[in-house]
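Values reported hereafter were calculated over all heavy atoms of this structure, with side chains retained and with hydrogens, waters and symmetry mates removed. Each ligand, and each atom within it, is numbered from 1 in the order the structure gives.
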Amino acid sequence: MTHTAVLIPGDGIGPEVAAAVKAVFAAAEAPVRFIERQAGVAAIEAGSDSVLPEDTIETIKEHKLAIKGPCTTPIGRGFSSVNVGLRKKLNLWAAVRPVVSLPGVESRYKDVDLIIVRENTEGLYSGVENQVTEDVIISMKVATRQACRRVALGTFRFANRLGGRKVSVFHKANIMKMTDGLFLDQCRAVHERDYPNIVYEEVIVDAGSMRLVQDPTQFDIILCENLYGDIMSDLCAGLVGGLGVTPGANHGDDIAVFEAVHGSAPDIAGQDKANPLALLMSGILMLEHLELERQDTAAGKVARQIKQAYRAALTEGEKTRDIGGELGTKAFAQAVIDRLKG
Ligand code: NAI
């Protein structure tokens, strides 16, 4: 069985880390055929009049599977975010981001093993902003019963599938009584009605941030609305070694797009300095998704082989500079390839 996945290299370090993932997948004989499409500044440079070309969207809809490098969002008016646009157009309503301590990667904490689930489609990222007067601008926070319920159900189902892991909902319903209140109500209702066996807690987001940096091992699955999920993802990346080691997946009803948490890192782009591990780990999430959703055991086997290979490389000190090593992007990919076992 070979699966077709759309590969969007993206901007900045995107093409470099995407090339590394392609090289490791080819060496591991992963059952995935990549077809490349553009998004971001790269799409404009390739002649498109949009940072998110229709052809890219349609190809992902056709194959229902994609892996994406980071895309630059130019600051200022006239450019909408590729990532927000992609999530909306493909209705990718949940971002799932595992945060796990890795061997050979120094950080302040040991044994971190948590997952952030972020509602991906609304909240303050709805893009509803208005200039009320010359000096006053408002940004609307949107919460709908349907989207809150959908992500709550998806998260509890996921927690159940992982053997009943604890769910902590981060919120600010004490201040945003209506929007965060609705989010919390839906989480509570799904828990009480469908998953009363799963340990569940409600945590105010500021207190939760403090608890996270005191002892991240007290959390398991953290469910957040859009903005808190965005911030918590980077905060949690910092708990285990940074943005170079945190992967992610965006899930919709039947489409999944895998991408690292990090951005296009223009400060190191084109210098062979980027850590490709976050995108490689996102690729492993894609293989695990194929095993789970399409019953492809071969994909699951390759996922485990690649995971074992990168863990061996890290343990032996073969790593990129952002996590204390000396290797460049290509050399790290080669170090992983050298440790693949059949
Ligand atoms: P960033 O994640 O690109 O970079 C933050 C810092 O982390 C930089 O010092 C960078 O060098 C470092 N870093 C990031 N990824 C790394 C990697 N794989 N290996 C080694 N070091 C790494 O965040 P920033 O600077 O805020 O955003 C840059 C651009 O990326 C912006 O245009 C932003 O909109 C976009 N962005 C895109 C995302 C996506 O496409 N999913 C996500 C986040 C930001």
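- The side-chain heavy atoms of Arg97 and Pro247, taken from C-beta on, include no pair separated by under 4.5 Å.
- How far CG of Leu162 is from CD1 of Ile115: 5.0 Å, rounded to the nearest 0.5 Å.
- Considering every non-hydrogen atom in both Leu287 and Pro31, the closest pair reads CD2-CD, 4.2 Å.
- For the residue pair Glu16 and Lys273, the shortest heavy atom distance occurs at OE1-N, 4.2 Å.
- Closest approach of Asn197 to Asn160, counting heavy atoms only: ND2-OD1, 3.8 Å.
- Heavy atoms of other residues, nucleotides or ligands lying less than 6.0 angstrom from CZ of Arg294 number more than 12.
- Contacts of ligand 1 (protein heavy-atom distance under 4.0 Å) are Ile13, Lys68, Pro70, Cys71, Thr72, Thr73, Asn83, Leu243, Glu259, Val261, His262, Gly263, Ser264, Ala265, Pro266, Asp267, Ile268, Ala274, Asn275, Asp322.
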